[in-house]
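In this chain, residues are counted from 1 in sequence order.
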Amino acid sequence: VGIGLIGALGSAGHAAAYNFSAYFVQAEHGWAPGQYTALLLVAGTVGVIGHPYAGRIADRRGRRLVGFLLFGSFPLLALAFYRGPGWSLPFVWVPLVFTLTGGNTIARALSTELFPTSFRGTSAGWLSFVETLGAASGLFLVSWGTPSGESVVPMVEWVILGPLAAGLVVLFLPETGRRELEDISADA
């Protein structure tokens with residue numbers, strides 16, 4: 001249940017913030033498609049280091065703390081992106097992508113480490129399934145809740161709270177960092 005909540009809630013907010021970003025910068029800041037592409041390529045490339053770096057930090061500090069910080073800071077960064085001035089968007093995009101990819105790293109680690117070997121594949125598959133449902137739900141909520149011709153920002157601001165809730169769920173799961181898989185399996 002915890003892995004399902006993390007996957008669904010995190011993906012709902014991630015999908016809403018990320019997938020409406022192109023529309024947002026073009027409609028509300030007047031960016032050309034090429035400018036958005038440059039944002040993705042340059043700032044996004046730097047932000048993607050969240051995948052391996054989050055794993056390294058979580059190996060040292062623990063999955064729960066790092067997961068909570070990554071999932072919990074995502075809504076704040078998304079708010080800064082959607083409410084900040086146009087000049088700040090590339091600077092906010094880097095940590096936004098970092099928290100998104102880093103949070104996904106923690107979710108993937110927990111989805112396999114919390115279960116005995118015979119259930120790890122099922123757990124990873126379950127996580128992928130609920131992430132897909134969560135992302136679709138987040139996109140649907142933003143589209144459904146935005147009146148025609150209006151800005152998506154108010155609805156995005158609500159849906160991006162999902163990762164914060166996912167971060168709170170992470171705090172209730174057992175810590176798997178710095179533990180051997182055999183020990184975790186024995187506890188399950």
Quiz item: Does V66 belong to the same Ile/Leu/Val/Met/Phe/Trp/Tyr cluster as L69, with side-chain heavy atoms less than 4.5 Å apart forming each link?
Solution: no
Exercise. Enter the distance from L171:CG to F71:CZ here, rounded to the nearest 0.5 Å.
Key: 11.5 Å
Quiz item: Taking it one step at a time, do L77 and F81 satisfy side chain to side chain contact (heavy atoms under 4.5 Å, CB included)?
Solution: CA-CA 6 Å; L77 292 164; F81 182 82; over 6 Å; no
Self-check item: Heavy-atom closest pair, residues S111 and A124
Solution: OG-CA, 4.0 Å
Practice problem: Tell me, with the steps shown, if R120 and S123 meet side chain to side chain donor-acceptor pair (under 3.5 Å). | Solution: CA-CA 5 Å; R120 288 188 185 128; S123 176; over 6 Å; no
Exercise. Say whether L173 and F68 are linked into one hydrophobic cluster, either directly or through other cluster members, by side-chain heavy-atom distances under 4.5 angstrom.
Key: no
Self-check item: Approximate separation, where rounding is to 0.5 Å, of S21 OG and L89 CG
Solution: 9.5 Å
Self-check item: Donor-acceptor contact below 3.5 Å, side chain E157 vs main chain L79
Solution: no
Quiz prompt | All pairs passing salt bridge (charged side-chain N to carboxylate O under 4.0 Å, His left out) where residues 24-53 contributes a residue, at least two apart | solution = none
Practice problem: Decide if atom CH2 of W126 counts as having more than 12 heavy atoms of other residues, nucleotides or ligands within a radius under 6.0 Å. | Solution: no
Quiz prompt | ILVMFWY network linking W93 to V42, side-chain heavy atoms under 4.5 angstrom | solution = no
Quiz item: Is it the case that one hydrophobic cluster holds both V94 and V97, taking links as side-chain heavy atoms less than 4.5 Å apart, direct or via other members?
Solution: no
Self-check item: Contact summary for A166 and G10, nearest pair of heavy atoms
Solution: CB-N, 3.9 Å
Exercise. Check the angle between the aromatic planes of F74 and H14 and answer parallel, tilted or perpendicular using the 30° and 60° thresholds.
Key: perpendicular
Quiz item: In Å, rounded to the nearest 0.5 Å, how long is the span from CD of E175 to CD of E113?
Solution: 9.0 Å
Quiz item: How would you list, by chain and number, every residue that makes a side chain to side chain donor-acceptor pair (under 3.5 Å) with Y18, sequence neighbours excluded?
Solution: none
Self-check item: side chain to side chain contact (heavy atoms under 4.5 Å, CB included) between V142 and W158, intermediate numbers included
Solution: CA-CA 9 Å; V142 172; W158 283 105; over 6 Å; no
Quiz item: Near R83 CZ, under 6.0 Å, is it more than 12 heavy atoms from other residues, nucleotides or ligands?
Solution: yes
Quiz item: If you look at every heavy atom in A54 and L70, which pair is closest and at what distance?
Solution: CB-CD1, 3.7 Å
Exercise. For residues P52 and V48, report the shortest heavy-atom separation together with the two atoms involved.
Key: CD-O, 3.9 Å
Quiz item: Where do A16 and G138 come nearest, in terms of heavy atoms and distance?
Solution: CB-O, 4.3 Å
Quiz item: Once you round to the nearest 0.5 Å, how far does CD of E131 lie from CD1 of I6?
Solution: 10.0 Å
Quiz prompt | L127 CG to T122 OG1 distance, which is reported to the nearest 0.5 Å | solution = 12.5 Å
Practice problem: Answer yes or no: is there a donor N or O on one side and an acceptor on the other, between the side chain of T146 and the main chain of S143, under 3.5 Å? | Solution: no
Self-check item: F129 side chain reached by T132 side chain, heavy atoms, under 4.5 Å
Solution: no
Quiz prompt | P174 vs L114 side-chain heavy atoms within contact, under 4.5 Å | solution = yes
Self-check item: L76 side, atom CG; I160 side, atom CD1 - distance, nearest 0.5 Å
Solution: 8.0 Å
Practice problem: Identify the two heavy atoms, one from P90 and one from A43, that lie closest to each other, and give their separation to 0.1 Å. | Solution: O-CB, 3.8 Å
Quiz prompt | Path from L100 to V92 over hydrophobic side-chain contacts below 4.5 Å | solution = yes
Practice problem: Kindly say whether L96 contributes a backbone atom to a donor-acceptor pair with the side chain of T99 at under 3.5 angstrom? | Solution: yes
Self-check item: Reference residue H29; test ring pair (Phe, Tyr, Trp, His ring centres under 6.0 Å); the match among F24, Y82, W87, Y36
Solution: F24
Quiz item: Out of V170, V130, V169, which one pairs with L5 under the side-chain contact (heavy atoms from CB on, under 4.5 Å) rule?
Solution: V169
Quiz item: Is there a donor-acceptor pair under 3.5 Å between the side chain of R63 and the backbone N or O of I106?
Solution: no
